[in-house]
2 protein chains.
Amino acid sequence: MTAVIPFGELKRACGNCSLRELCLPYGIGESDLRRLEQLVQRHAPVARGKQLFLQGDPLRSIFAIRTGSVKSVTVGEDGAEQITGFHFPGELVGFDAIAADVHDCSVVALEDTSVCEIPFDRLDELSGCVPGLRRQLMRLLSREIQQDQQMLLLLGKKGSEARMAAFLLSLSSRFVGRGLSASRFHLSMSRGEIANYLGLAMETISRLLARFQQDGLITVDGREVALLDLPRLHVVADMGSDGGGFTRRREG
Amino acid sequence: MTAVIPFGELKRACGNCSLRELCLPYGIGESDLRRLEQLVQRHAPVARGKQLFLQGDPLRSIFAIRTGSVKSVTVGEDGAEQITGFHFPGELVGFDAIAADVHDCSVVALEDTSVCEIPFDRLDELSGCVPGLRRQLMRLLSREIQQDQQMLLLLGKKGSEARMAAFLLSLSSRFVGRGLSASRFHLSMSRGEIANYLGLAMETISRLLARFQQDGLITVDGREVALLDLPRLHVVADMGSDGGGFTRRREG
DNA sequence: TCGATGCCTTGACCTGGATCAAAGGCGCGG
DNA sequence: CCGCGCCTTTGATCCAGGTCAAGGCATCGA
């Protein structure tokens with residue numbers, strides 16, 4: 001968060017970035033891209049467990065993840081912590097702070113993570129001149145609203161199996177968009193963090209993973225996961241609280 | 001949704017509106033305000049139960065509530081419906097559609113409701129020229145993210161009592177901002193809708209309201225509610241899943 | 001006036017997932 | 001190589017809140 005990389009290296013930061021199609025530069029012309037690049041500050045990587053910013057910090061910048069992964073955590077008055085999201089390369093964090101100029105969640109690295117910092121005032125200013133940038137910025141804000149509302153549906157209406165399946169599928173589809181495997185990946189978060197995020201107990205996560213494996217849906221080895229049966233996982237993820245269990249334990 | 005009010009009446013729509021401090025015009029100068037007003041279309045009121053738009057509709061406009069109230073509802077693949085929010089005068093709906101140019105929730109009037117329609121393309125365009133408008137637009141988007149994340153914390157970490165208390169307090173504080181009473185108000189939504197929103201069963205809502213009343217926290221008569229003890233309601237709302245019940249039923 | 005319909009309340013019972021408790025791995029410093 | 005923490009698994013038990021079932025009580029059209 002301190003050492004800024006010198007100017008020479010910064011040049012073409014966004015233009016060369018493999019994530020540009022996911023990130024802010026999407027749909028921006030060459031010359032405007034150059035103006036955006038001038039705002040971006042690259043930093044030395046953030047170590048696992050360190051924060052990008054804390055809940056309560058004033059809004060200065062938003063951040064794009066370049067490599068690694070982070071979680072965002074909100075803590076309520078009573079001290080209850082809720083993880084409100086995990087974020088991967090190409091995704092931006094800090095949007096919640098625009099409303100009141102204060103971050104209302106903390107963002108913490110799950111592994112060593114490098115980010116691009118973008119001062120918000122200057123981004124706002126630039127977005128006035130560059131319609132494509134403004135539009136993309138709003139799209140990204142809107143997408144976060146969408147995702148949060150999907151999550152509300154998950155927490156409000158779905159049982160533990162559907163939550164777990166939806167979580168795995170969400171990771172899978174995000175990794176695909178980044179050129180990684182849809183069916184084999186590494187979990188950068190602990191069981192406890194998954195549990196927190198899904199509104200379940202850690203023990204429940206453990207049991208669900210074991211059960212999914214027994215039933216041939218997935219393979220788990222520590223934090224390495226393989227999804228074996230995507231179609232069936234989708235069925236499980238779409239089960240309403242009604243739908244019945246995906247494996248009616250055959251009694252007898 | 002069809003009959004547009006003639007131009008004469010439209011004049012000064014925003015400038016005279018008592019909600020301008022909550023809504024889009026916040027912090028915009030006189031001349032820019034006039035430009036914004038030219039985009040706004042006022043309509044005949046929407047009847048209770050009718051929709052402003054449906055999930056799946058293409059994004060054309062966003063809407064500001066002028067009088068009345070609405071709910072937004074998302075339905076999952078499996079048909080499970082989740083109410084993702086209630087909206088009152090001065091609030092805007094439709095932001096979720098910016099990401100993919102398609103609404104991913106339906107918005108339905110809870111009572112006869114009048115709205116201002118604002119074509120999104122033209123709003124986007126205008127926001128390029130008017131920094132204050134752009135900023136306010138982003139603030140409103142960001143605020144929705146914040147609110148959804150507060151809701152995630154509620155659904156993920158809080159028990160039924162805390163959810164109910166938080167719900168009542170949220171209504172209260174929003175009504176205050178609109179010049180209404182903080183402690184006496186009418187619920188425009190049914191018990192079933194509250195239940196759906198809070199991820200609980202309708203019966204649970206009924207019982208909670210009865211219990212809150214017994215305990216002197218509130219008064220309920222059908223859909224008329226009075227909050228009698230704001231401080232204690234805040235305590236209940238802040239109870240983590242740990243905190244213990246607000247009334248340890250004295251045994252013996 | 002009388003169903004019929006839609007909301008709400010109340011009681012009895014059931015269950016999914018939390019909680020409590022007790023071991024496994026497994027990486028790491030010494 | 002051992003010992004110490006941390007994460008994870010697995011089993012046993014518990015309980016908040018869901019589900020099922022019966023009314024209650026307005027409003028409405030015939």
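All chains are named by letter (A, B, ...) in the order of the sequence lines, taking the proteins before the strands, and each is independently numbered beginning at 1. Every value quoted in this text rests on a predicted model; they were computed, and no experiment measured them.
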Could you tell me how far apart [X] ([atom1]) and [N] ([atom2]) are, to the nearest whole angstrom?
X	N	atom1	atom2	result
B/Arg211	C/dG11	CZ	C1'	15 Å
A/Lys158	C/dG17	NZ	C1'	18 Å
A/Arg48	D/dC7	CZ	C1'	11 Å
A/His186	D/dC7	NE2	P	14 Å
A/Leu209	D/dC7	CG	P	17 Å
B/Met239	D/dA16	CE	P	11 Å
B/Leu208	D/dA16	CG	P	12 Å
B/Asp221	D/dA26	CG	P	10 Å

Q: Quick one: sort the A/Phe88 and A/Phe175 rings into parallel, tilted or perpendicular, breaks at 30° and 60°.
A: perpendicular

Q: Give the C-alpha distance, both sets of side-chain angles, the deciding distance and a yes or no for side-chain contact (heavy atoms from CB on, under 4.5 Å) between B/Glu81 and B/Thr74.
A: CA-CA 6 Å; B/Glu81 290 193 3; B/Thr74 313; over 6 Å; no

(Q) Students often get this wrong, so: under 4.0 angstrom with heavy atoms, is B/Arg163 touching a base, only sugar-phosphate, or nothing? (A) nothing

Q) Heavy atoms under 4.0 Å, any strand shown: does B/Ile205 hit a base, just sugar-phosphate, or nothing? A) nothing

(Q) Strictly below 4.0 Å: does A/Thr204 bring a side-chain N or O up to OP1 or OP2 of C/dA18? (A) yes

**Q.** Phosphate-side-chain proximity, A/Arg223 and D/dT8, N/O vs OP1/OP2 below 4.0 Å
**A.** yes

Q.
Using only modelled atom types and a 3.5 angstrom limit, is any donor from either the side chain of A/Arg207 or the base of D/dG11 paired with an acceptor on the other?
A. yes

Q.
Could you check whether the side chain of B/Glu203 and the base of D/dC20 have a donor-acceptor pair of N or O atoms closer than 3.5 Å, going by distance alone?
A. yes

Q) For A/Arg48, does the CZ atom sit with more than 12 other heavy atoms under 6.0 Å from it, leaving out its own atoms? A) no

**Q.** Within 6.0 Å of NE2 in B/His186, more than 12 heavy atoms from elsewhere
**A.** yes

Q: Walk me through it: do A/Met239 and A/Glu161 pass the test side-chain contact (heavy atoms from CB on, under 4.5 Å)?
A: CA-CA 8 Å; A/Met239 281 187 331; A/Glu161 290 172 357; 3.5 Å; yes

Q: Tell me which nucleotide among D/dG18, C/dT19, C/dT10 gets nearest to the side chain of A/Ala201.
A: C/dT19

